[in-house]
There are 4 protein chains.
Amino acid sequence: MDDTAQAQHGYIHQKDDYLKRLRRIEGQARGLQRMVEEEKYCIDILTQVSAMTKALQSVALGLLEEHLSHCVAQAAQAGGAEADEKIREASDAIARLVRS
Amino acid sequence: MDDTAQAQHGYIHQKDDYLKRLRRIEGQARGLQRMVEEEKYCIDILTQVSAMTKALQSVALGLLEEHLSHCVAQAAQAGGAEADEKIREASDAIARLVRS
Amino acid sequence: MDDTAQAQHGYIHQKDDYLKRLRRIEGQARGLQRMVEEEKYCIDILTQVSAMTKALQSVALGLLEEHLSHCVAQAAQAGGAEADEKIREASDAIARLVRS
Amino acid sequence: MDDTAQAQHGYIHQKDDYLKRLRRIEGQARGLQRMVEEEKYCIDILTQVSAMTKALQSVALGLLEEHLSHCVAQAAQAGGAEADEKIREASDAIARLVRS
């Protein structure tokens, strides 16, 4: 992978950290299946769902900050239609996160 | 499992459906790892995170409705401190979902 | 107002408290207009919007808990179709809160 | 107000539109007080709270997009510590919106 790609997808600098967090989230999804399988108390399952949602949001906010720092900032420096497009695209992604 | 347990944890009536949805969510968590591994575009990863969050919320809302229908409704019929406790506990779980 | 109405709309026991909180939220909405009018810094406006959203959510969660304690619990005690309807209606309101 | 200020706080280009939306939100807050005052049905109040929350979120997302387009994009063009600071500040505001 060359420097251009590195600059484009800033999150890869912390790739291992994101992979570790996503593996933990995958583990939480398996844990939830086990709880349903064993018919655990509903409220305890909901507590786990809330924890998993927070972990996912935290991954999303981290990726978004890196995207703004690298990809959007570079496009802003270049300016023009590409910059506008990147900002609109990021804004749409933020709206999806806020509404989900 | 006896009838009491069935009545207590209402969601088990749809256990297979919940397990299927949670397996799909586990698959989404694995898909996200693959996207990070392959350095996919950040916005596409965020779109997948939003979809996964919505799927999780939908599981939570389903479980909560069944919990209200079975566990909380039964406690309300019995009345007394147990009923108050169940409603406070459900309200706390709802607050965690709204805030996550 | 008779006892039936009191029992039906449980929140009126804390009517003054809710009115006070909603007046404060109305004040926050006016404060936001002043900030836009005076062209305050965007991030400071967003901080106020987040505070106002949290205040609104807190009112909603309070009303919901009282609704479950009074209206839904009473319907559950009575049982039948009315109970099912009240629980479905509350679940729909919870879904709207979680998704907004 | 000079051009510099216009560039800094991009949202003022649509100042009247934001003021109109915030006045409508203020009206919703007054409507909620009236509903509590008149002891309206709890679920109907919650529906109004959800509508008001969505209206507030929509204002926040609009302000944020304009902030990214103007203030953050300008800082990115200038580069350096100021750019990093603006992006971190915007990311923090986004995190507050996502979590509220």
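The chains referred to below are lettered A, B, ... by the order of the sequence lines, with proteins before strands, and numbering in each begins at 1. Quantities reported herein were computed from a predicted structural model and do not represent experimental measurements.
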Testing the basics here: between B:Ala76 and C:Ala76, what is the closest heavy-atom pair and its distance to 0.1 Å? CB-CB, 3.7 Å
Chain C contact via B:Leu68 - which portion, at a heavy-atom distance below 4.5 Å: both
Honestly, the part of B:Ala83 sitting under 4.5 Å from a heavy atom of chain C is neither
Answer whether the closest heavy-atom distance between the side chains of C:Ile94 and B:Leu64 falls below 4.5 Å. yes
Hey, what donor-acceptor pairs show up under 3.5 Å between chain C and chain B?
unit_1: C:Ala76; atom_1: O; unit_2: B:Gln77; atom_2: NE2; d: 2.9
unit_1: C:Gln77; atom_1: NE2; unit_2: B:Ala76; atom_2: O; d: 2.9

